Amino acid sequence: MSVQGIHAAQASPARTKSTRLFRRAVPVFPGGVTRATVEKDPIPFYVAYGEGAYLVDVDGNRLLDLNNNFTTLIHGHGFEPVRQAASDLMRTGTCFANPTQHEIGLAELLVDRIPAIEQVRFVNSGTEAVMFAIKAARAFTGRPGIVRVEGAYHGAYDWAEAGQAVASNPDDRAAISRAIPAYHGTPASVADDVHLIRFNDVDGLEQRLHALRDRVACLLIDPMPSRAGLLHPNATFIEALSSAARKHGILIIADEVLNLRQGYAGASPRYGLTPDLVTAGKIIGGGFPIGAIGGREEIMRVFGTQVNKPLLLQGGTFSANPVSMVAGRVAMEAMTHDSFNHLEALGERLRDGLRSSISRIDAPFSVTGAASLFRIHPKTNAPTEFREALLSDAEGLVMRGLARHFLQRGILLPHGAAASLSTPMTNSDIDLILAAFDDFLSVHAANERAQS
C-alpha cells in the first residue's frame, strides 16, 4: 500500500498508532508485513501485549483472541508457568551445540501421549516437520512421490505446498485436479511427484493409490484440513485411506501441526487413523518456535542409529533449543485430560450456539470444527471437501464483513482460517461470541432484505 493509501485507510483515531507503525513498515517490508498470513483490512493492527484470552493493541483496544497466533497459544497469552520456566532458563543460556536434558523431557511426554510416536526428532517449525517427514518416507521406501489432499495446507516445502489450489474446474465434481506449484518459478518436476486426492472421496481413492503404488512414498493428510475448510473426515474415508495405503506400502503421515490440540493424544485417534509418522508443532512449543517428527522406531531409523549412519541427515542450529523444549514441556504438562475436556465443552457450547442462531432465522451459514476449533462458512450446507469450502467473491465479502463486525465488538476472528479457543476462556467469553454472531446475522439479514 502506498503512503497515500495509508492516509485514505485511516478511518478512526482508534487505529492511529497502528497506522503510524504501518507507515514505518511499508518501506522496509515487502507489502508492509513479514508474514503473508498477517491480515490487513486495509492495514494490520499492532499488538502491544496479551493477557490470558485477550490481547491489547498499541491503541489500547482490548480484544478476545480467537486467532491465538494461528491456533498456537492453547493457554492464551502470558501463561504464567511457561513465562516463569522460560525466564528461569534464559539465565543459564538460550541455545547450545550440545544436547540438554530438556529435549528428553518433552520427547518423553510426546512418546507417552501419542500412540503413533515411538521416537521423535525436533525441528524449528511445522514446515520443517512436514518437510523432514516427507524426506523420511522417501528414505524409508525409496520412492519419490507423495499423495496429498487437494486444498490442504502443509507449510512451505515445495512438494508439500503444491496442490493447495484447484487446477481443474472447481464445479466439476468428477475431475481430479493436477498439482499446481505454489509459486512462480517452481521446477516443473515438483508437480510430477505430487498427486492429489479429494477429501472424503472414497470412490476415487483406491483407484488413485493403485495407479501410483510404485511411485509414491507417503500419503500426507491433515485429519481435519484447516485452511481447506476445517473439514470433518468421514469414517469410511479414513478406513479406505488406511486400507489402501497399507495394501500398497505407502506410509501415512498425519500432519497434526495444528490439529494436535484436538485431544490428549492428538487428532488421529479421534478419527480412527493410525499413521506411520506424525508431524507436530504450534502447541508443543508453549509459544516458542518448534516442530517435531515422530513415528514408528523402524521408520525413524532413517535419521540414524547408534551403529548405522543416517539415510537422512537432519540438523538445525536452533532445533531442540532449550527454551522451546522447556516452554513446550511445561505447556503440555498443563494440558491435562481436564484441560482438554474444558476446551471440548467450550467448543461444543460455541458450535451448538452458532448453529442454533443460524437455524433460528434460517440464515445461509454453517459451522465446522471439533474440540477447541471452529470455522463459520457463508454456506447453507457445511462443506465436506475443499471445493465446497471455496468462497465466491460475494461470499468472501460476507466473511470480511463478519470479521469486521466481530472486531467492532472486541473480538479478533480470523478471516478465512480456523478460529480457536484457549484454556483461560470461560462461558462468558463464549456468550460474547454468540451475542456478536446473533447481532451480525440480524444486520446481514436486514442488508439482504434491503438489496432484494
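One-based numbering along the sequence shown. Since the model is a prediction, treat every value here as computed from it, not as a measurement.
- Side-chain N or O atoms of Lys40 include one that pairs as donor or acceptor with a backbone N or O of Gly31 at under 3.5 Å.
- No side-chain heavy atom of Met325 sits under 4.5 Å from any side-chain heavy atom of Thr100.
- Heavy atoms of other residues, nucleotides or ligands lying less than 6.0 angstrom from CZ of Phe96 number more than 12.
- By the 4.5 Å heavy-atom criterion applied to side chains, Leu63 and Phe406 are not counted as neighbours.
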Test log, rule side chain to side chain donor-acceptor pair (under 3.5 Å), inputs Asp429 and Tyr54: CA-CA 10 Å; Asp429 296 315; Tyr54 288 75; 2.8 Å; yes

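- A salt bridge (Lys or Arg N to Asp or Glu O under 4.0 Å) check over residues 210-221, counting only residues at least two apart or in different chains, returns nothing.
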Would you tabulate the side-chain donor-acceptor contacts of residues 249-258 under 3.5 Å, counting partners in other chains and residues two or more places apart, or write 'none'?
unit_1: Asp255; atom_1: OD1; unit_2: Val257; atom_2: N; d: 3.1
unit_1: Asp255; atom_1: OD1; unit_2: Thr279; atom_2: OG1; d: 3.1
unit_1: Asp255; atom_1: OD2; unit_2: His154; atom_2: ND1; d: 2.7
unit_1: Glu256; atom_1: OE1; unit_2: Ala267; atom_2: N; d: 2.6
unit_1: Glu256; atom_1: OE2; unit_2: Ser268; atom_2: N; d: 3.0
unit_1: Glu256; atom_1: OE2; unit_2: Ser268; atom_2: OG; d: 2.5

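- Side-chain atoms of Glu128 and Tyr157 include no donor-acceptor pair closer than 3.5 Å.
- Residues Leu434 and Ile430 meet the side-chain proximity criterion, which asks for heavy atoms closer than 4.5 Å.
- Without hydrogens or angle criteria, Ser319 side chain to Gly315 main chain gives a donor-acceptor distance under 3.5 Å.
- The local environment of CD in Gln101 is sparse, with at most 12 non-hydrogen atoms from other residues, nucleotides or ligands closer than 6.0 Å.
- Electrostatic pairing of Glu118 and Arg296 does not count as a salt bridge here, judged by no charged N lying under 4.0 Å from a carboxylate O.
- Ion pairing of Arg349 with Asp352 is absent here, as no side-chain N (NZ or NE/NH1/NH2) approaches a carboxylate O to less than 4.0 Å.
- A salt bridge between Lys247 and Glu206 is present, with a side-chain N of the basic residue lying under 4.0 Å from a carboxylate O of the acidic one.
- Judged by distance alone, with hydrogens and angles left aside, the side-chain atoms of Ser242 form a donor-acceptor pair with the main-chain N or O of Ile238 at under 3.5 Å.
- Between Asn234 and Val202 the shortest side-chain heavy-atom distance does not fall below 4.5 Å.
- Counting heavy atoms from C-beta outward, Arg113 and Met332 have side chains that approach closer than 4.5 Å.
- Asn68 and Ser420 share a donor-acceptor pair across their side chains, judged by distance under 3.5 Å alone.
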Name each donor-acceptor pair under 3.5 Å that joins a side chain in residues 338-347 to protein atoms two or more places apart or in another chain, with its distance.
unit_1: Ser339; atom_1: OG; unit_2: Ala334; atom_2: O; d: 2.9
unit_1: Ser339; atom_1: OG; unit_2: Thr336; atom_2: OG1; d: 3.3
unit_1: Asn341; atom_1: ND2; unit_2: His337; atom_2: O; d: 3.2
unit_1: His342; atom_1: NE2; unit_2: Thr423; atom_2: O; d: 3.2
unit_1: His342; atom_1: NE2; unit_2: Met425; atom_2: O; d: 3.1
unit_1: Glu344; atom_1: OE1; unit_2: Arg270; atom_2: NH1; d: 3.2
unit_1: Glu344; atom_1: OE2; unit_2: Arg270; atom_2: NH2; d: 2.7

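- For the pair Arg121 and Phe132, the NZ or CZ position fails the cation-pi test of under 6.0 Å to the six-membered ring centre and within 45 degrees of the ring normal.
- Using a distance-only test at 3.5 Å, with no hydrogens or angles considered, no donor-acceptor pair links the side chain of Ser243 to the main chain of Ala240.
- Checked against the 6.0 Å centroid criterion, the rings of Phe386 and Phe199 do not qualify as a close aromatic pair.
- Under the 4.5 Å side-chain criterion, counting only non-hydrogen atoms from C-beta, Val111 is not in contact with Gln119.
- A 4.5 Å side-chain heavy-atom check between Glu150 and Ile197 finds every atom pair outside the cut-off.
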Chi angles and distances behind the salt bridge (Lys or Arg N to Asp or Glu O under 4.0 Å) call for Glu348, Arg351: CA-CA 5 Å; Glu348 284 298 311; Arg351 287 185 296 274; 2.8 Å; yes

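- Few gaps surround OH on Tyr264; more than 12 heavy atoms of other groups in view lie less than 6.0 Å from it.
- Crowding of Glu80 atom CD: a count of heavy atoms from other residues, nucleotides or ligands under 6.0 Å exceeding 12.
- With Arg143 contributing its side chain and Ala217 its backbone, the two residues share no donor-acceptor pair below 3.5 Å.
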Residues Tyr271, Gln262; criterion side chain to side chain donor-acceptor pair (under 3.5 Å); working and verdict: CA-CA 11 Å; Tyr271 302 111; Gln262 285 203 31; 2.7 Å; yes

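- A distance-only check finds a donor-acceptor pair linking the side chain of Asn259 to the backbone of Met224 [under 3.5 Å].
- Counting only N and O atoms by type, the side chains of Thr368 and His377 include a donor and acceptor under 3.5 Å apart.
- Checking Thr384 against Glu388 by side-chain atom types alone, a donor-acceptor pair falls below 3.5 Å.
- Taking the ring centre of Trp159 as origin, the terminal cationic atom of Arg138 falls inside the region bounded by 6.0 Å and 45° from the ring axis.
- Counting heavy atoms from C-beta on, the side chains of Ile146 and Val216 never come closer than 4.5 Å.
- If you check the side chains of Asp158 and Tyr183, you find a donor sitting under 3.5 Å from an acceptor.
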